[in-house]
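Just below is one structure, and these are the notes that go with it.
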Amino acid sequence: MTTAKDFLCVSILIVLFLLFPIQKSVGNDKVFTVVIDPGHGGKDPGAVGATAKEKDINLAVSLKLGKMIAASFTDVKVVYTRDRDRFVDLDARANMANKNKADLFISIHTNAVAKGTVRGTETYTLGLARTEENLRVAMMENSAILLEDDYMQKYEGFDPKSSESYIIFEFMQNKHMEQSISFASEIQKGFVACKRVDRGVRQAGFLVLRKTSMPSVLVELGYISTAAEEKYMKSAQGQDQLARAIYDAFVKYKREYDRKQGGASASVAVASKTDAKPAATTGQVVYKVQIVASNKKLASNAKELKGYKNVDFYVENGLYKYTYGESTSMDEIRAIRRSLAKDFKDAFIISFKDGKKVK
Ligand SMILES: [Zn+2]
């Protein structure tokens with residue numbers, strides 16, 4: 001007999017289920033660790049503008065970026081080299097990334113020039129600077145070690161202000177160069193999308209990247225020495241946009257990483273362009289990519305699914321229709337479809353609203 005108490009229990013279970021839908025299993029159980037490194041801090045202000053300090057901009061954008069990532073991915077661990085205003089040695093930052101066995105390292109900085117008004121963003125990967133300008137940026141950033149104790153011993157006599165010291169970067173093998181450059185390019189694309197001046201992907205000898213043993217980039221968000229850029233980078237809106245641009249690049253990088261691992265990025269919660277939190281999808285159109293249809297239900301290892309994990313399906317007209325990925329952003333779902341094209345050349349985008357397919 002069903003009692004009122006049973007009914008209450010079942011109701012509570014249903015409510016809980018609606019509130020906390022079961023997470024789809026993640027293709028591989030490995031946690032992806034991203035280390036976010038807000039440059040400078042504490043006694044080292046970094047570049048100083050008319051009203052703002054580099055260290056504060058770097059920290060604000062880093063924390064926003066970390067929150068966006070943590071809110072969207074269940075399988076990503078975010079580690080900060082600092083989450084408040086404190087001084088951290090450059091080699092300690094790299095060590096932290098290595099100790100955490102990080103999969104990606106993002107160092108965040110703000111640029112400045114002594115003369116003139118320069119605008120725009122640059123993303124660096126480790127390498128030998130091919131221009132005076134890139135060398136100057138590395139010199140400026142590396143000079144942070146002059147505030148460290150025992151920097152002569154720690155960095156084996158490296159003089160951040162002498163161009164001769166930088167010869168060590170010429171012979172450095174960087175096995176993560178390709179991935180670093182690809183991530184750096186995505187970051188620059190993200191900045192272009194929010195109308196920043198694109199100063200490109202560059203190489204220079206940054207000490208903070210030198211000892212990291214994973215793909216790593218150093219982002220220069222803009223020029224604090226240029227009044228309009230300082231104002232933008234100081235504003236909450238500017239910081240949100242900058243963090244969002246890097247976040248978008250991260251989403252693409254992580255998806256590619258998952259694909260290479262043979263897993264999938266079902267862990268990507270719904271990425272909305274305007275909100276760091278996963279958007280509630282009730283009443284909203286959710287896009288998915290349809291990859292395969294079958295007249296019978298397929299096993300998860302069926303050859304038709306080509307090794308993709310976290311594939312979803314719905315039934316329509318007696319056919320099982322399999323989908324991959326989901327997003328409320330048309331741009332994002334298009335990117336997912338493009339990434340699927342070589343395995344499923346006829347894949348196409350479909351839309352759902354409140355769990356039902358819509359035209
Ligand atoms: Zn800096």
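Just so you know, ligand 1 is whichever comes first in the structure, and atom 1 is the first atom listed for that ligand. By convention here, the first residue in the shown sequence is residue 1. Heavy-atom basis, side chains included; hydrogens, waters and symmetry copies ignored.
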Problem - Minimum-distance pair of heavy atoms, taken over all atoms of Tyr155 and Asp91 - result: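 Minimum heavy-atom separation between Tyr155 and Asp91: OH-N, 2.9 Å.
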Practice task
Determine the minimum heavy-atom distance between Thr81 and Arg93, stating which atoms define it.
Solution key: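 It is OG1-NH1, 3.8 Å.
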Practice task
Name whichever N, O or S atom of His109 ends up nearest to the Zn ion (ligand 1).
Solution key: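 Sorting the N, O and S atoms of His109 by distance to the Zn ion (ligand 1) puts ND1 first.
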Exercise for the section: Answer yes or no as to whether an N/O/S atom of Glu220 is found below 2.8 Å from the Zn ion (ligand 1). Expected result: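 Checking the Zn ion (ligand 1) against Glu220, no N, O or S atom falls under 2.8 Å.
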Handout entry: Vertex the Zn ion (ligand 1), rays to OE2 in Glu54 and OE1 in Glu141 - rounded to 10°
Key =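 If I round to 10°, I get 160°.
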Handout entry: Result of checking Glu133, Glu220, Glu229 against Arg199 for salt bridge (charged side-chain N to carboxylate O under 4.0 Å, His left out)
Key =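 It is Glu133; the other options fail the test.
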Exercise for the section: Kindly check if the number of other-residue, nucleotide or ligand heavy atoms within 6.0 Å of NZ (Lys53) is above 12? Expected result: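 Check fails, neighbour count at 12 or below.
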